[in-house]
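Data first, discussion second: the structure below is written as structure tokens.
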Amino acid sequence: MGRHKMASGICRLCGQKTLLSFEHVPPRSTFNKNTKYSSIEFEDYLKTENPLKTPPKGKIKQGGIGYNSFCKKCNSFLGTEYVPAYKLWVDCGFHILQNKEFKLHTYTIKNVEPQKILKQIVSMFLAINGEWFLESYPELSNFVASKDSNELHERYKIFYYLTRAENVRYMHHVVQGDFLTGNTIKCSEIAFPPYGYVLTMDSNIQNPYLNNISEFKNLDKRRSLEIRMFQLPTYMPLPLDYRTKEQVEKGI
Ligand SMILES: [Zn+2]
């Protein structure tokens, strides 16, 4: 954590205005310790005469992807309560990940703690979204902050899929039209190998490849779990876009 600075702001879990520590998303212990990623400042784009011809080189950052989103206390609460359960879940995902897209995987995980996993996933959505998110959707932080709570309002649904995350995806809250149904979808999405997650608010999505895991909220005991999930590609920085590379190239 040493090389990550603190920043002041509102903790996305307890709501206090204080110094926020760097939260790895996903947790540092789930293969996000040394993730390298490049970040290009918007000003560097403006300074470059022709950004398309000679794109500015981003500063390569190391030490994992994350956000200054939780106070120290909440950060360590998550680390103690949910991260160990989440790590086991991630290890299992890596075991079954294959070099194949749109494959349906079915398997059993033993000794898994679904409710804790779900709380960790929700905390990741709190971490990547802005401060306003906490105020607009208070039930989410309540669900995470109280470790025995199984109360997560039905307006929220959480889906998952297996993915190699060809491009990692950190989509903040977006509102999107669903071409198939004409409905509006409010969602946020995170994809980092081996899993992708979609959180929807007050929305109905119909996608046969996404598995709804909102019911994990009621599974508060250690148990065996039958899993069914599709492996999906994430080439484009768009929520709910699982086109193959060929489809994307054709689209362009
Ligand atoms: Zn806090």
Side-chain angles (χ1 to χ4, degrees), residues 1-33 35 37 39 61 63-90 113-158 160 168-174 186-192 195 197-202 213-214 216-220:
M1 215 174 279
R3 60 195 141 167
H4 295 293
K5 287 192 200 121
M6 305 278 278
S8 88
I10 292 173
C11 172
R12 314 292 201 279
L13 193 51
C14 68
Q16 277 196 49
K17 189 165 170 37
T18 180
L19 279 178
L20 304 179
S21 58
F22 187 85
E23 170 79 1
H24 284 80
V25 180
R28 194 166 179 270
S29 60
T30 57
F31 308 94
N32 185 21
K33 195 162 104 185
T35 313
Y37 60 109
S39 128
K61 295 188 180 178
I65 303 176
Y67 300 78
N68 284 89
S69 44
F70 299 123
C71 72
K72 235 178 164 171
K73 207 174 138 208
C74 289
N75 198 325
S76 72
F77 169 78
L78 295 169
T80 313
E81 294 298 331
Y82 309 136
V83 169
Y86 188 76
K87 180 161 172 35
L88 174 76
W89 168 249
V90 165
E113 296 172 281
Q115 192 191 69
K116 289 187 179 185
I117 293 163
L118 188 65
K119 285 177 195 263
Q120 175 60 36
I121 295 167
V122 173
S123 82
M124 284 157 43
F125 283 110
L126 292 171
I128 74 162
N129 279 285
E131 292 173 352
W132 67 272
F133 195 78
L134 176 73
E135 237 175 83
S136 305
Y137 303 113
E139 299 96 340
L140 292 176
S141 53
N142 290 343
F143 174 65
V144 175
S146 138
K147 61 178 179 180
D148 300 316
S149 167
N150 64 353
E151 281 172 39
L152 183 62
H153 196 277
E154 281 179 15
R155 64 189 292 213
Y156 306 105
K157 291 192 184 73
I158 292 138
Y160 76 163
V168 296
R169 192 176 274 182
Y170 288 78
M171 302 297 311
H172 299 204
H173 178 276
V174 290
K186 285 191 252 177
C187 68
S188 184
E189 181 164 354
I190 299 171
F192 186 102
Y195 297 116
Y197 305 109
V198 178
L199 166 68
T200 64
M201 283 76 71
D202 309 312
I213 49 164
S214 312
F216 275 20
K217 68 182 178 186
N218 290 319
L219 308 178
D220 58 349

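First listed ligand is number 1; within each ligand, the first listed atom is number 1. These numbers were taken from a predicted model, which means no experiment stands behind them. We're numbering straight along the sequence, starting at 1.
- Contact of the M124 side chain with the Y86 side chain is registered, since non-hydrogen atoms from C-beta on lie closer than 4.5 Å.
- Distances under 2.8 Å from the Zn ion (ligand 1) pick out the protein N/O/S atoms C11 SG, C14 SG, C71 SG, C74 SG.
- Looking at residues two or more places apart in sequence or on another chain, you find no salt bridge (charged side-chain N to carboxylate O under 4.0 Å, His left out) involving K217.
- Interatomic distance, Y156 OH to K186 NZ, rounded to the nearest 0.5 Å: 9.0 Å.
- In this structure, the side-chain hydrogen bond (donor to acceptor under 3.5 Å, both in side chains) partners of Y137, at least two apart in sequence or on a different chain, are H173.
- Taking 4.0 Å as the cut-off between side-chain N and carboxylate O, K119 and E81 do not count as a salt-bridged pair.
- E189 meets the side-chain hydrogen bond (donor to acceptor under 3.5 Å, both in side chains) test with Y161, R169, Y242; sequence neighbours excluded.
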